[in-house]
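Position 1 is the first residue of the sequence; numbering continues from there.
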Amino acid sequence: MMLLAVALMVAGCSQEQRATGPTEALKAYVAAQQNGDVAGMKRLLSKGSIAFIESNARAQNKTVDDVLREETRIRIAALPVTRNEKIEGDAATVEVRDDSTGQFDLVYPFVREDGAWKLARDKQVEAILKKANEAREKLVSDVVNESRSNSNSNSNK
């Protein structure tokens, strides 16, 4: 009898509820996206991600559901290839292979909320913007240093 109850509970759990770690949460999110399950996608997104999407959606006169529904139209051939899941407290990252380059240069951040791992797309955008800012600052620094170098060599002539 007890075994039957456990079997029914397991059978009744949705895929995202069985996601025990960030990698499983990512795969559950992709599966929900591929199945057009907007509600399932939302359950796997962090609160910050939902707020971020909502803010951007509002600017386009759309809802979060509209934005996620558009995402379901993107079809991929298979679940992502992942590696190097790193968990530090209630934050985690998972590296994902970019199928176009074959490199594991896509890093997906996760947060643990209410005991479950959630995809933190807001943090992903922050990381992308930070990286772009750092690249811009390096470029400006390189141009300034090059200009100073040229000025110094011209004044020494």
Side-chain angles (χ1 to χ4, degrees), residues 1-139 141:
M1 192 71 130
M2 180 68 158
L3 186 59
L4 178 61
V6 170
L8 288 174
M9 284 187 342
V10 170
C13 289
S14 65
Q15 186 170 2
E16 65 269 6
Q17 289 170 322
R18 289 191 303 259
T20 56
T23 300
E24 291 84 8
L26 176 62
K27 290 180 178 183
Y29 181 86
V30 171
Q33 184 250 347
Q34 293 299 298
N35 291 324
D37 181 6
V38 171
M41 293 167 68
K42 285 170 66 173
R43 283 190 296 273
L44 290 157
L45 289 170
S46 68
K47 293 171 189 168
S49 294
I50 296 290
F52 176 78
I53 294 169
E54 186 173 39
S55 173
N56 288 310
R58 198 175 316 118
Q60 302 172 41
N61 291 323
K62 295 180 180 178
T63 66
V64 171
D65 285 8
D66 292 336
V67 171
L68 294 178
R69 202 170 294 108
E70 288 173 6
E71 188 177 315
T72 65
R73 294 184 188 127
I74 300 167
R75 295 291 173 204
I76 58 174
L79 289 175
V81 177
T82 62
R83 72 173 189 191
N84 293 339
E85 176 181 279
K86 294 180 186 171
I87 298 174
E88 295 178 6
D90 287 337
T93 56
V94 175
E95 292 178 359
V96 176
R97 186 179 70 199
D98 181 341
D99 287 336
S100 65
T101 66
Q103 301 296 311
F104 283 88
D105 54 2
L106 301 172
V107 179
Y108 286 82
F110 293 82
V111 294
R112 189 176 1 229
E113 292 179 347
D114 305 321
W117 287 105
K118 308 285 181 141
L119 181 59
R121 287 173 46 176
D122 57 321
K123 295 193 182 305
Q124 185 177 24
V125 171
E126 285 175 19
I128 290 167
L129 292 176
K130 181 180 178 188
K131 190 174 181 179
N133 251 349
E134 289 170 353
R136 182 186 55 79
E137 288 172 6
K138 183 183 180 329
L139 179 63
S141 176

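Shown here for Q33 and I74, the closest heavy-atom pair between the two residues is NE2-O, 2.8 Å. L44 and A25 get closest at one heavy-atom pair: CD2-O, 4.1 Å. The heavy-atom pair separating D122 from S46 by the smallest distance is OD1-OG, 3.5 Å. L119 and S49 get closest at one heavy-atom pair: O-OG, 3.2 Å. Residue A32 comes nearest to G40 through the heavy atom pair CB-C, 4.1 Å, listed as atom of the first residue, atom of the second, then distance.
Judged by distance alone, with hydrogens and angles left aside, the side-chain atoms of R112 form a donor-acceptor pair with the main-chain N or O of G89 at under 3.5 Å.
Within the 4.5 Å cutoff, no side-chain heavy atoms of Q60 are placed close to those of D66. Residues F110 and K118 have side chains not in contact (no heavy-atom distance under 4.5 Å, counting atoms from C-beta outward). Side-chain atoms of K27 and T82, non-hydrogen and from C-beta on, do get closer than 4.5 Å to each other. Looking at heavy atoms from C-beta onward, L68 lies in side-chain contact with L45 at the 4.5 angstrom threshold. Side-chain contact between N56 and V67 is absent, with no heavy-atom pair separated by less than 4.5 Å. You'll find the side chain of V125 reaches within 4.5 Å of the side chain of F52, heavy atoms only.
How far CD of E126 is from CD of Q124: 11.0 Å, rounded to the nearest 0.5 Å. Between the CD atom in E113 and the CG atom in D90 there is a gap of 9.5 Å [rounded to 0.5 Å]. How far CZ of R136 is from CG of L129: 11.5 Å, rounded to the nearest 0.5 Å. Atom NZ of K62 sits about 15.0 Å away from atom CD of E54, to the nearest 0.5 Å.
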- Evaluate the side chain to side chain contact (heavy atoms under 4.5 Å, CB included) criterion for residues W117 and I87: first the C-alpha distance (whole Å), next the side-chain angles of each, then the deciding distance (0.1 Å), finally the verdict. CA-CA 10 Å; W117 287 105; I87 298 174; 3.7 Å; yes
- Message: Using the rule given for side chain to side chain contact (heavy atoms under 4.5 Å, CB included), can you reason through I53 versus K42, listing the C-alpha separation, both sets of side-chain angles and the distance that settles it, and then say yes or no?
- Response: CA-CA 10 Å; I53 294 169; K42 285 170 66 173; over 6 Å; no
- Message: Using the rule given for side chain to side chain contact (heavy atoms under 4.5 Å, CB included), can you reason through D37 versus R43, listing the C-alpha separation, both sets of side-chain angles and the distance that settles it, and then say yes or no?
- Response: CA-CA 10 Å; D37 181 6; R43 283 190 296 273; 4.1 Å; yes
- Query: side chain to side chain contact (heavy atoms under 4.5 Å, CB included) between E88 and T93: does it pass, once the steps are laid out?
  - Reply: CA-CA 9 Å; E88 295 178 6; T93 56; over 6 Å; no
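By the salt bridge (charged side-chain N to carboxylate O under 4.0 Å, His left out) test, E85 is found to be paired with no residue, residues two or more places apart in sequence or in another chain being considered.
For residues 98-109, the set of pairs meeting the salt bridge (charged side-chain N to carboxylate O under 4.0 Å, His left out) definition, not counting sequence neighbours, comprises R97-D99.
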